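Here is the structure we will look at.
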Amino acid sequence: MQAIDQLKTPQTEAQRQAEVLAYTRRVLDLIAKTDIDPDEAAWVTAETVNGFRDHVNPGFLEYRKATSLERAAAVVEWSDAGPNAYRDVTGKEYIDCLGGFGIYNVGHRHPKVVKAVTDQLKRQALHSQDLLDPLRAMLAKTLAMLTPGNLAYAFFCNSGTEAIEAAVKLARAFDPAKQTIIGATKGFHGKSMGALSVSAKAEFRRPFGPMLPNIEHVPFNDLPALRWRMQTLRAVGEDCGAVILEPVQGEGGVNIPDDDYLPGVRALCDEFGALLILDEVQTGMGRTGKMFCCEHWGVAPDIMCLAKAFGGGVMPAGAVVGTKAVFSRLFGNPFLHTTTFGGNPLACAAALATINVLLEERLPERAARLGQRMLAGLREAVRGYEHIVTDVRGKGMLMALEFPNDHLGFEVSKAMLDRGVLVSGTLVNARVIRVEPPLTLTDEQADDVCRALADSLAEVASKIS
Ligand SMILES: Cc1ncc(COP(=O)(O)O)c(C=O)c1O
């Protein structure tokens with residue numbers, strides 16, 4: 001290992017630059033390779049682990065099951081292994097039951113998405129930001145056609161957090177007399193100051209000082225609590241301008257609301273004149289068995305946020321889609337909210353191809369069918385281990401296993417990794433682990449996952465008995 005102070009020993013500018021040139025040359029040679037030999041794999045592993053420790057954040061090595069130092073050699077990722085799996089630097093494959101936290105709905109590197117992006121790249125990579133870019137208009141029109149209700153206009157960005165940030169700003173601009181936004185406990189919407197303010201996880205909020213003002217939280221799936229809060233806010237003259245929710249909470253533990261919840265929230269928003277913002281960053285693009293999760297309950301929001309799988313697992317891409325009334329606040333000055341890279345031609349090409357693939361391959365329907373099959377398989381696998389897994393739940397291909405504590409969840413996810421299945425906790429907590437594979441997962445792979453769970457539970461049970 002090269003210590004930091006060694007790295008920073010006084011050098012001439014020319015020496016520093018020569019070193020950087022040599023290092024980047026070596027890395028570029030590596031990037032160009034499809035496969036690597038064991039010596040190269042060892043170098044990649046050492047550079048990765050040391051780089052995380054010395055230059056990214058050593059905390060990642062502490063918590064990631066993949067990167068305890070002894071295990072590191074086996075779990076530094078190198079490539080995709082078909083549409084539904086990863087390969088590590090040693091060549092071992094892992095079925096992807098995490099899907100980059102919901103990125104890979106159409107599978108890894110779907111050929112149609114890759115083709116659209118590379119075709120666009122050959123012609124033009126990014127946009128002028130002055131001339132009108134055609135794909136932005138065509139993607140916005142596509143979303144207007146695809147999304148429910150009166151959603152008609154789109155703003156494009158690069159991530160879910162940015163989509164939420166834009167949604168919060170749109171809501172605030174909509175009615176200056178109604179500046180309060182209500183979110184839900186266990187909600188997660190991202191980590192910029194605006195997105196964090198509407199999120200609910202204390203651990204992520206506490207270190208960062210006062211959040212945005214006029215943000216309230218009520219328990220998820222609790223209509224009386226929402227009504228009470230809206231009434232109270234009205235009574236004190238701080239009227240609710242918007243309610244923001246995930247239709248099914250992802251990071252909060254795959255929490256599926258009662259069937260009357262979302263329609264009830266829509267009705268309350270209408271009664272109190274508040275906008276409904278639905279965060280479909282994780283639940284959208286077919287994940288739960290409908291193109292958008294809110295369609296399970298026939299609810300249309302005023303603002304919908306998309307990201308993650310929106311870029312087809314190839315490009316970072318996000319969008320906030322809203323009604324004409326909502327977006328009209330920006331018509332007078334479209335520069336009120338902009339971003340350099342949002343809606344770039346590569347991202348738009350990826351999103352257009354993704355939507356095409358989801359429809360053509362009927363992936364939302366597949367998610368509904370395969371999700372049911374997998375849920376039954378997972379439930380079967382945990383039979384006899386109810387002391388380890390206390391609940392198995394899911395909607396479409398967004399599924400979760402709940403454990404009595406963080407430790408057991410972590411042990412089971414480690415055991416599954418050893419069996420070639422990648423699952424993950426809900427952010428830093430493994431008490432609930434997510435099973436969120438690409439919607440293209442084969443039936444056989446789904447069965448392999450259930451088998452791996454049964455074997456992992458047997459192993460963990462034998463250790464704790
Ligand atoms: C529901 C939801 N909203 C927003 C975000 C933030 O998205 P991003 O990480 O792309 O900024 C996430 C990320 O996990 C999410 O699950």
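Residue indices begin at 1 and follow the sequence shown. Whatever order the structure lists them in is the order used to number ligands and atoms, beginning at 1. All values reported here derive from a predicted model rather than from experimental measurement.
- Counting heavy atoms closer than 4.0 Å to ligand 1, residue Glu246 contributes side-chain atoms (C-beta onward) but none from N, CA, C or O.
- For the residue pair Gln120 / Arg123, a side-chain donor-acceptor distance below 3.5 Å is found, with atom types taken as modelled.
- Using a 4.0 Å cut-off between charged side-chain N and carboxylate O, Arg373 and Asp443 make a salt bridge.
- Each of Asp270, Leu268, Val265 was scored for a side-chain contact (heavy atoms from CB on, under 4.5 Å) with Leu276, with one residue passing: Val265.
- Contact annotation for Phe101 and ligand 1: no heavy atom of the residue comes within less than 4.0 Å of the ligand.
- Of all the heavy atoms of Lys191, none lies under 4.0 Å from any atom of ligand 1, so neither backbone nor side chain is involved.
- Which of Thr161, Thr283, Asp279 comes nearest to atom 3 (N) of ligand 1 through a heavy atom is settled by distance: it is Asp279.
- Checked by atom type, the side-chain pair Asp80/His108 shows a donor-acceptor distance below 3.5 Å.
- Partners of Ala152 by side chain to side chain contact (heavy atoms under 4.5 Å, CB included), not counting sequence neighbours: none found.
- Backbone and side-chain nitrogen or oxygen atoms of Gly160 are examined, and one is located within less than 3.5 angstrom of a nitrogen or oxygen of ligand 1.
- At a heavy-atom cutoff of 4.0 Å, ligand 1 is contacted by the side chain of Glu251 but not by its backbone.
- In this view, Arg366 satisfies the side-chain hydrogen bond (donor to acceptor under 3.5 Å, both in side chains) rule with no residue, not counting sequence neighbours.
- Taking every non-hydrogen atom of Ser159 and a distance limit under 4.0 Å, the qualifying atoms of ligand 1 come out as 10 (O), 11 (O).
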